[in-house]
Amino acid sequence: QVQLVESGGGLVQAGGSLRLSCAASGGTFSRYAMAWFRQAPGKEREFVAGIKWTGVITYYVDSVKGRFTISRDNAKNTVYLQMNSLKPEDTAVYFCAASPVYGAYNFASQYDYWGQGTQVTVSS
């Protein structure tokens, strides 16, 4: 059983930056595909970014390409989401997710483990 704990959310002005962290425990972290999803009020949960086991392969939803960067430190059992040039439409609760399946991609149903979420609010 993998436990995920997100941190780093907060309130920031448009154009600002935040760095989210997700600390994992209870499993072999380096064998999990990791991802960030987000959910805004009244909207469905949306894939944001994903990263494969070694961290070499990453992928993003089009709306964050060039602004967000996902990375992982397998020695620290942690995955990060660096968010730059934030926009009000990035406001959401951000969730970290883990999947033991290497091919897990951008569907929430492919991920078995979820954190509790961290709120990101971008003011205009």
For residues 2-121, which residue pairs pass the disulfide bond (SG atoms under 2.5 Å apart) check, not counting sequence neighbours? C22-C96
Pair R45, F95 - check side chain to side chain contact (heavy atoms under 4.5 Å, CB included), show working. CA-CA 9 Å; R45 191 166 296 191; F95 297 91; 3.5 Å; yes
Could you tell me the separation between the CG atom of L18 and the CG atom of L86, rounded to the nearest 0.5 Å? 5.5 Å
With side chain to side chain donor-acceptor pair (under 3.5 Å) as the rule and sequence neighbours excluded, what pairs involving residues 100-109 come up? none
So, the side chain of S21 versus the backbone of S7: is there a donor-acceptor pair under 3.5 Å, distance only? no
Okay, side chain of S99, backbone of V101: is any donor-acceptor separation there less than 3.5 Å? yes
Give every residue pair that meets the salt bridge (charged side-chain N to carboxylate O under 4.0 Å, His left out) criterion with at least one member in residues 6-31, sequence neighbours excluded. none
Under 3.5 Å, side-chain donor or acceptor atoms of residues 117-124 against the rest of the protein: list the pairs with distances, not counting sequence neighbours.
| residue | atom | partner | partner atom | Å |
| --- | --- | --- | --- | --- |
| T118 | OG1 | G9 | N | 3.2 |
| Q119 | NE2 | A92 | O | 3.4 |
| Q119 | NE2 | T121 | OG1 | 3.3 |

Please report the shortest heavy-atom distance between V2 and G27, naming the atom on each side. CG2-CA, 4.1 Å
So the salt bridge (charged side-chain N to carboxylate O under 4.0 Å, His left out) pairs with at least one residue in residues 68-81 (sequence neighbours excluded) are none
What residues, two or more places apart in sequence or in another chain, satisfy ring-ring contact (aromatic ring centres under 6.0 Å, His included) together with F37? F47, Y111, W114
Taken in chain and number order and not counting sequence neighbours, the residues that satisfy side-chain hydrogen bond (donor to acceptor under 3.5 Å, both in side chains) with S17 are N84
Do other residues, nucleotides or ligands put more than 12 heavy atoms under 6.0 Å from the CZ atom of F107? no
Between L81 and W36, what is the shortest heavy-atom contact and its length? CB-NE1, 3.5 Å
What pairs with K65 under salt bridge (charged side-chain N to carboxylate O under 4.0 Å, His left out), at least two apart in sequence or on another chain? D62
Once you round to the nearest 0.5 Å, how far does CD of E89 lie from OG of S63? 8.5 Å
Would you name the heavy atoms of A23 and T78 that are closest together and state the gap between them? CA-OG1, 4.2 Å
Mind running side chain to side chain contact (heavy atoms under 4.5 Å, CB included) on F68 and V48 for me, showing each step along the way? CA-CA 9 Å; F68 290 11; V48 177; 3.7 Å; yes
Listed by chain and number, what are the salt bridge (charged side-chain N to carboxylate O under 4.0 Å, His left out) partners of R38, not counting sequence neighbours? E46, D90
Only pairs at least two apart or in different chains count here, so list each side chain to side chain donor-acceptor pair (under 3.5 Å) that has a residue in residues 47-58. none
Write out all pairs satisfying disulfide bond (SG atoms under 2.5 Å apart) with one or both partners inside residues 45-94, taking only residues at least two apart or from two chains. none
If the condition is side chain to side chain contact (heavy atoms under 4.5 Å, CB included), which residues does A98 pass it with, not counting sequence neighbours? L4, Y32, M34, Y113
